[in-house]
Amino acid sequence: GGRACLRHCALGAGFGNFPEAYTEAFVGSDASTNVGLDRPAHNVFLSLAVETGVVGITLFALALLLEYISLRRASMQRIAPGLAGALVAIVVAEIFLSAIWFKYFWLVFLLIRVAEGVAARQPDPLSTAGGGPRAAIVETPA
């Protein structure tokens with residue numbers, strides 16, 4: 001996988017072409033044991049780097065970073081305090097797996113969207129302090 005990255009990580013080998021890039025790199029590697037050709041990546045980041053190049057892996061990393069930043073907002077911490085940990089856990093698991101196309105990877109992002117929807121509907125506790133929204137209404141004599 002590392003040899004395939006040296007050859008393809010700049011521009012990418014094409015979406016879904018990691019097994020072919022691995023086989024191509026293995027042929028010229030002088031490896032003493034054959035572990036099989038057309039192997040899938042066991043690391044989603046390596047797979048994305050080989051398949052999509054620098055642009056793809058950068059966009060993926062940026063998306064993960066922005067998701068984490070959104071989860072650290074106070075409104076999201078009140079609604080779903082454990083989702084930031086779940087996001088970190090799935091990212092760490094993807095170092096050892098290539099499960100980006102499985103449901104449990106995308107379930108975390110679905111839960112983030114649901115929590116954001118709930119947070120958007122919840123009133124801000126600071127704006128309702130001191131009597132709530134009706135306290136701001138001033139009655140004038142007629």
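Everything quoted here is computed from the prediction, not taken from an experiment. Numbering of residues begins at 1 and proceeds along the displayed sequence.
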- request: Output the distance between atom CD (Q77) and atom CG (L83), rounded to the nearest 0.5 Å.
  value: 9.0 Å
- request: Please examine the side chains of E67 and R113, heavy atoms only from C-beta on, and report whether any two atoms are closer than 4.5 Å.
  value: yes
Backbone N/O of G12 and side chain of E51: donor-acceptor pair under 3.5 Å: no
query: With a cut-off of 6.0 Å (strictly less than), are more than 12 heavy atoms of other residues, nucleotides or ligands near CZ of R73?
result: yes
- prompt: How long is the span from the SG atom in C5 to the CG atom in L48, to the nearest 0.5 Å?
  reply: 11.0 Å
message: Tell me whether I95 at atom CD1 has more than 12 heavy atoms from other residues, nucleotides or ligands lying less than 6.0 Å away.
response: yes
field: Joint cluster assignment, V92 & Y68, ILVMFWY side-chain distance < 4.5 Å
entry: yes
- request: Tell me whether V91 is reachable from F96 by hopping between hydrophobic residues (I, L, V, M, F, W, Y) whose side-chain heavy atoms are closer than 4.5 Å.
  value: yes
field: Rounded distance (nearest 0.5 Å) linking atom OG1 of T52 with atom CG of L59
entry: 8.0 Å
task: With the side chain counted from C-beta on, respond yes when Y22 and V50 share a heavy-atom pair under 4.5 Å apart, and no when they do not.
output: no
message: With a 4.5 Å cut-off on side-chain heavy atoms, are V44 and F105 touching?
response: no
query: Should I57 and V55 be regarded as members of a common hydrophobic cluster, given that ILVMFWY residues are connected when their side-chain heavy atoms come within less than 4.5 Å of each other, either directly or indirectly?
result: no
field: Within one Ile-Leu-Val-Met-Phe-Trp-Tyr cluster: L87 and F102, side-chain cutoff 4.5 Å
entry: yes
statement: Scanning both residues in full, the closest heavy-atom pair of A25 with A4 reads CB-N, 3.6 Å
field: Nearest-0.5 Å distance that lies between atom OG1 in T58 and atom CG in L65
entry: 12.0 Å
message: Side-chain heavy atoms nearer than 4.5 Å, only ILVMFWY residues, links allowed to pass through others: does that put I79 and F109 together?
response: no
- request: Could you check E116, R121, Q122 and say which one makes a side-chain contact (heavy atoms from CB on, under 4.5 Å) with V118?
  value: Q122
query: Looking only at heavy atoms, which two atoms of M76 and A119 are closest? And how far apart?
result: SD-CB, 4.0 Å
